[in-house]
Amino acid sequence: MNRPTEVNDVGPSSVAHIVAQPGVVEQVKVGLDAAFQDNRRFDHAMLVGPPGMGKSMVANVVAAEMATDFLEVLGQSIANVGDLNALLLQATANAVVHIDECHELDKRLQTALYLALDKRKVFIGGGKSVQAIPVADFTLLLSTTDEYCLLQPLRDRMRLVLRFEFYLEHDLTTLLQQRTRALGWDVHGGLFPLIAQRSRGTPRWALRLLQACRRVCRANGEETITVDHLHRACVLEQLDDLGLGPTEQQYLRLLGDGPQRLNVLASSLGLPARTVSQVTEQFLIRAGLVVKDDQSRRQLSAAGYEHLSKSRSQTE
């Protein structure tokens, strides 16, 4: 039998197999136990956290544990009320309906969604020809990176709020070990902590880098994934020891000359200021490499100077 070739070919099917996120796991366990005891559906829930934390994975696990139908769509793919009604009418009793990136839903669609939950009906047509069509008693799971883009009435109808946090490096190491066992891949044990170190506390980054290592390994016609394959993958993707890409590395070099304002940095990087503040800077600030002074100028911390110095010495 051929081994799986993609990290996403396998994944947890039980809440017991979810790595880290203890608060989320306990809430899901209690919700599942209550649903089984009362012979009812799982409660509506909102899954909140940064991208790549495993929100969709947990939604899949809930459906698997409930042994029920699972419907999953992206919020931006629901363009109008007709699309929303079609989705809700597909749901069977106790089914799990997962809307990922639900903050992309238009406010009008959010209103239609919470009304459908309240009335357990969808409304088709207009004026005097409005028809109310019953929908099944399903579970709604909403995943978002920004809960406050959702209308308050919709948020209020979520019985559970599952908050996802960044992973610690040892949790990412455990996740990688678990996934490679399930995939049946032969991996040198020393590889996992090095991938975790470069993964920004994000499972999606860790799995993506593991996939890159395997790609290099197989390109060489080899079977065991080693540290050498990681180093080659990082060279190909221009990643440093912390997993910083070319733009972030350039950002740090710019600050190496002294504090800078956001608009100056954005101009030097050739990027919109909003992209720099919301994408480029986020991990650098969270990792303590960059700080802001009283005038909101960006500057390197001691850790930032140390990392920059180390990076320069490695390239010389």
If you apply the rule side chain to side chain contact (heavy atoms under 4.5 Å, CB included), what do you find for Tyr251 with Arg298, and how did you get there? CA-CA 10 Å; Tyr251 178 104; Arg298 279 64 171 169; 3.1 Å; yes
Is any side-chain heavy atom of Leu284 closer than 4.5 Å to a side-chain heavy atom of Leu244? yes
Give a yes or no on whether the backbone of Leu265 and the side-chain of Gln260 come within a donor-acceptor separation of less than 3.5 Å. no
Output for pair (Ile78 CD1, Leu88 CG), nearest 0.5 Å, gives 7.5 Å
Please tell me whether Ile133 and Leu115 are part of a single hydrophobic cluster in this structure, the criterion being side-chain heavy atoms less than 4.5 Å apart. yes
Evaluate Ile225 against Val216 for side chain to side chain contact (heavy atoms under 4.5 Å, CB included), listing each step before the verdict. CA-CA 8 Å; Ile225 307 172; Val216 172; over 6 Å; no
Is there a donor-acceptor pair under 3.5 Å between the side chain of Gln249 and the backbone N or O of Ser311? no
Find the distance between OG1 (Thr180) and CG (Leu191) and round it off to the nearest 0.5 Å. 9.0 Å
Between Leu308 and Leu255, is any pair of side-chain heavy atoms under 4.5 Å apart? no
Would you check if the side chain of Asp171 reaches a backbone N or O of Tyr167 as a donor-acceptor pair within less than 3.5 Å? no
If I compare all heavy atoms of Ser56 with all of Asp100, which pair ends up nearest, and what's the gap? OG-OD2, 3.2 Å
Answer yes or no: is there a donor N or O on one side and an acceptor on the other, between the side chain of Arg179 and the main chain of Val10, under 3.5 Å? yes
What are the two closest heavy atoms between Phe192 and Leu176, and how far apart are they? CD2-CB, 3.5 Å
Residue from Glu222, Arg214, Arg215 passing side-chain hydrogen bond (donor to acceptor under 3.5 Å, both in side chains) with His229: Glu222
For Lys292, does the NZ atom have more than 12 heavy-atom neighbours from other residues, nucleotides or ligands under 6.0 Å away? no
Does CZ belonging to Arg108 count more than 12 external heavy atoms closer than 6.0 Å? yes
In terms of hydrophobic clusters joined by side-chain contacts under 4.5 Å, are Leu271 and Phe283 together? yes
Rounded to the nearest 0.5 Å, what separates atom SG in Cys217 from atom CG in Asp186? 8.5 Å
Are Arg155 and Gln152 linked by a side-chain donor-acceptor pair shorter than 3.5 Å? yes
Is the backbone N or O of Glu165 less than 3.5 Å from a side-chain atom of Gln21, with the two atoms forming a donor-acceptor pair by type? yes
Rounded distance [0.5 Å steps], SG in Cys234 versus CG in Asp241: 8.0 Å
Point-to-point distance, once rounded to the nearest 0.5 Å, from CE of Met53 to CZ of Arg163: 15.0 Å
If you draw a 6.0 Å radius around CD in Glu306, do more than 12 non-hydrogen atoms from other residues or ligands fall strictly inside? no
Exercise: identify the closest heavy-atom pair between Val97 and Ala91: CG2-CB, 3.8 Å
Is the shortest side-chain heavy-atom distance between Ile18 and Val28 below 4.5 Å? no
Going through the distances and angles, do Leu289 and Leu242 end up as a side chain to side chain contact (heavy atoms under 4.5 Å, CB included)? CA-CA 11 Å; Leu289 301 177; Leu242 291 182; 3.9 Å; yes
In sequence, state the C-alpha distance, the side-chain angles, and the governing distance for Val96 and Phe42, and then conclude on side chain to side chain contact (heavy atoms under 4.5 Å, CB included). CA-CA 8 Å; Val96 172; Phe42 189 82; 5.6 Å; no
Test of understanding: clusters of I, L, V, M, F, W, Y form through side-chain heavy atoms closer than 4.5 Å, transitively. Do Leu150 and Phe164 belong to the same one? no
Side chains of Leu117 and Met158, heavy atoms from C-beta outward: is any pair under 4.5 Å? yes
As an exercise, state the distance from NZ of Lys310 to CG of Asp240, rounded to the nearest 0.5 Å. 9.0 Å
A quick test of your reading: do over 12 heavy atoms of other residues, nucleotides or ligands sit less than 6.0 Å from CG of Asp156? yes
To check you understand the geometry: which heavy-atom pair defines the closest contact between Thr92 and Ala136, and what is its length? C-CB, 3.5 Å
A quick test of your reading: do over 12 heavy atoms of other residues, nucleotides or ligands sit less than 6.0 Å from NE2 of His103? yes
Verify, without hydrogens or angle tests, whether Ser267 (side chain) and Asn263 (backbone) share a donor-acceptor contact under 3.5 angstrom. no
Tell me the closest heavy-atom pair linking Gly243 and Trp205, and the distance in Å. O-CZ3, 4.2 Å
Side-chain touch Leu254/Leu269, heavy atoms, less than 4.5 angstrom: yes
Is it true that Leu71 and Leu154 fall in one hydrophobic cluster, defined by side-chain heavy atoms closer than 4.5 Å? yes
Residues in side-chain contact (heavy atoms from CB on, under 4.5 Å) contact with Ser77, at least two apart in sequence or another chain: Val73, Leu74
Distance-only, no hydrogens or angles: does the His307 side chain make a donor-acceptor pair with backbone N or O of Gly304 under 3.5 Å? no
Would Asn94 and Thr68 count as having a side-chain donor-acceptor pair, cut-off 3.5 Å? no
Is a donor on one side and an acceptor on the other found under 3.5 Å between the side chain of Thr139 and the backbone of Arg41? no
Carboxylate-amine/guanidinium proximity below 4.0 Å for Arg198 and Glu237: no
Please check this pair: side chain of Lys55 against backbone of Gly49, looking for a donor-acceptor N/O pair closer than 3.5 Å. yes
Side chains of Cys149 and Thr144: closer than 4.5 Å at any heavy-atom pair? no
Donor-acceptor under 3.5 Å (Arg286 side chain, Arg200 main chain): yes
Determine whether more than 12 heavy atoms belonging to other residues, nucleotides or ligands lie under 6.0 Å from atom CZ of Arg218. yes
Arg157 versus His44, closest heavy-atom pair with distance: O-CB, 3.7 Å
Same hydrophobic cluster for Met46 and Leu141, using side-chain heavy-atom links shorter than 4.5 Å among ILVMFWY? no
Do Ile99 and Leu140 have side-chain heavy atoms sitting under 4.5 Å apart? yes
